[in-house]
Number of protein chains: 2
Amino acid sequence: MPRAATTSDVFNAIAEPRRRAIVDALVDGRAHTVGEVAERLRIPQPAASKHLRVLRSVGIVTVSRRGRHRLYRLNAKELKPVHDWVKTFDRFWTHHLSRVKERAERKMTAR
Amino acid sequence: MPRAATTSDVFNAIAEPRRRAIVDALVDGRAHTVGEVAERLRIPQPAASKHLRVLRSVGIVTVSRRGRHRLYRLNAKELKPVHDWVKTFDRFWTHHLSRVKERAERKMTAR
DNA sequence: TTGACATATTCCCATATCGGTATATATAAT
DNA sequence: ATTATATATACCGATATGGGAATATGTCAA
């Protein structure tokens, strides 16, 4: 069986580079139309719609209507699980720990 | 065309839950055999081998041989790009939101 | 050498995924 | 009402994916 659906798993949803680009494009916190996103990423409108749909299905973006436009907004809180997971490894590239502390941490996580 | 290959993109490699579980299992920094990983995740040996191969191809794990065993070790540095990317959004949940923004967000997610 | 053990690889199958194109839906404008 | 605009959806084709089962490879032990 394939992996968990992109439409239900945040990690999977952001595995697609264009979707990360969309998230990046929405980081200003403002609402953006599908057309704006499509133009910004230089992808056809249906592609933008589809990617936005995936992001919406996992809650990373929210939609509202205004006239014939759909306004998409970033809902970055949904990325927290990703942050939480990857943060458990940041000590591997952060060198602020003394050697003693390092060993202690290793011991702790070794359980 | 499908998304970028799991074997070349870190985001994609960790989009698979079992592979994240493997990474979690290796966080103690010690070397683990394929058999240990397979047993820990309760998956067949070939599955463990295959997932480890993917993780290896993107550099998240490294291998060494000892006797008839292969020792896999976490190389967590390769997760830094993920951390760096998602960190650009952490202000959305670590910063205290103003009351106005909070209301706005509640409204949006209430839809 | 033979046999046991550890791991990797191959083959097959079912399915999800993405891009493209065409079309449907909805709303605004004339 | 008709037309233009904005977005979503449906369909299709090519391909990657992950699981299972069988097998290959490699290494140690007797």
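Every chain is numbered from 1 and lettered A, B, ... according to where its sequence line falls, protein lines coming before strand lines. Not measured: the values here are computed from a predicted model.
- Close to D:dT9, at under 4.0 Å from its OP1 or OP2, lies a side-chain N or O of A:Arg53.
- No donor-acceptor distance shorter than 3.5 angstrom exists from the side chain of A:Arg70 to the backbone of A:Thr33, with no hydrogens or angles considered.
- C:dT17 atom C1' lies 15 Å from atom CD1 of A:Ile43, rounded to whole Å.
- With C:dA8, D:dG18, D:dT7 as the candidates, the nucleotide lying closest to the side chain of B:Arg19 is D:dG18.
- Comparing B:Gly67 and B:Ala47 along DNA chain D, the residue whose closest nucleotide (by nearest heavy atom) sits nearer the 5' end is B:Ala47.
- Looking only at distances, a side-chain donor or acceptor of B:Arg19 sits under 3.5 Å from a matching main-chain atom of B:Ala13.
- Heavy-atom minimum distance, B:His32 versus B:Ala25: NE2-O, 3.8 Å.
- For the pair B:Glu39 CD and C:dC5 C1', the interatomic distance rounds to 15 Å; values are reported in whole Å.
- Checked for salt-bridge contact, B:Lys87 and B:Asp90 meet the test: a charged N lies under 4.0 Å from a carboxylate O.
- Side-chain N/O atoms of A:Arg68 and base N/O atoms of D:dT5 include a donor-acceptor pair closer than 3.5 Å.
- Between B:Tyr72 and C:dA6, a side-chain N or O to OP1/OP2 separation shorter than 4.0 Å is absent.
- Each of A:Arg66 and A:Pro46 was matched to the nucleotide of DNA chain C holding its nearest heavy atom; the match closer to the 5' end belongs to A:Pro46.
- The backbone N or O of A:Ile14 lies less than 3.5 Å from a partner atom in the side chain of A:Arg20, making a donor-acceptor pair.
- In this model, a side-chain donor or acceptor of A:Gln45 finds a partner on the base of D:dA8 within 3.5 Å.
- Atom CG of B:Leu55 and atom P of D:dT17 are 13 Å apart (whole Å).
- Following rounding to the nearest Å, A:Leu41 (CG) and C:dG19 (P) show an atom-to-atom distance of 11 Å.
- For B:Glu36 and C:dA6, the CD to P distance is 11 Å, given to the nearest whole Å.
- Checking the phosphate oxygens (OP1, OP2) of C:dG19, a side-chain nitrogen or oxygen of A:His51 falls inside 4.0 Å.
- B:Arg65 comes within 4.0 angstrom of no nucleic acid atom, judged by non-hydrogen atoms across all strands.
- For the pair B:Asp9 CG and C:dC18 C1', the interatomic distance rounds to 15 Å; values are reported in whole Å.
- Regarding A:Glu16, its CD atom lies at a distance of 12 Å from the P atom of D:dT17, rounded to whole Å.
- Put simply, B:His69 has no side-chain N or O that comes within less than 4.0 Å of OP1 or OP2 on D:dT27.
- Distance A:Leu52 CG to D:dT7 C1': 10 Å, rounded to the nearest Å.
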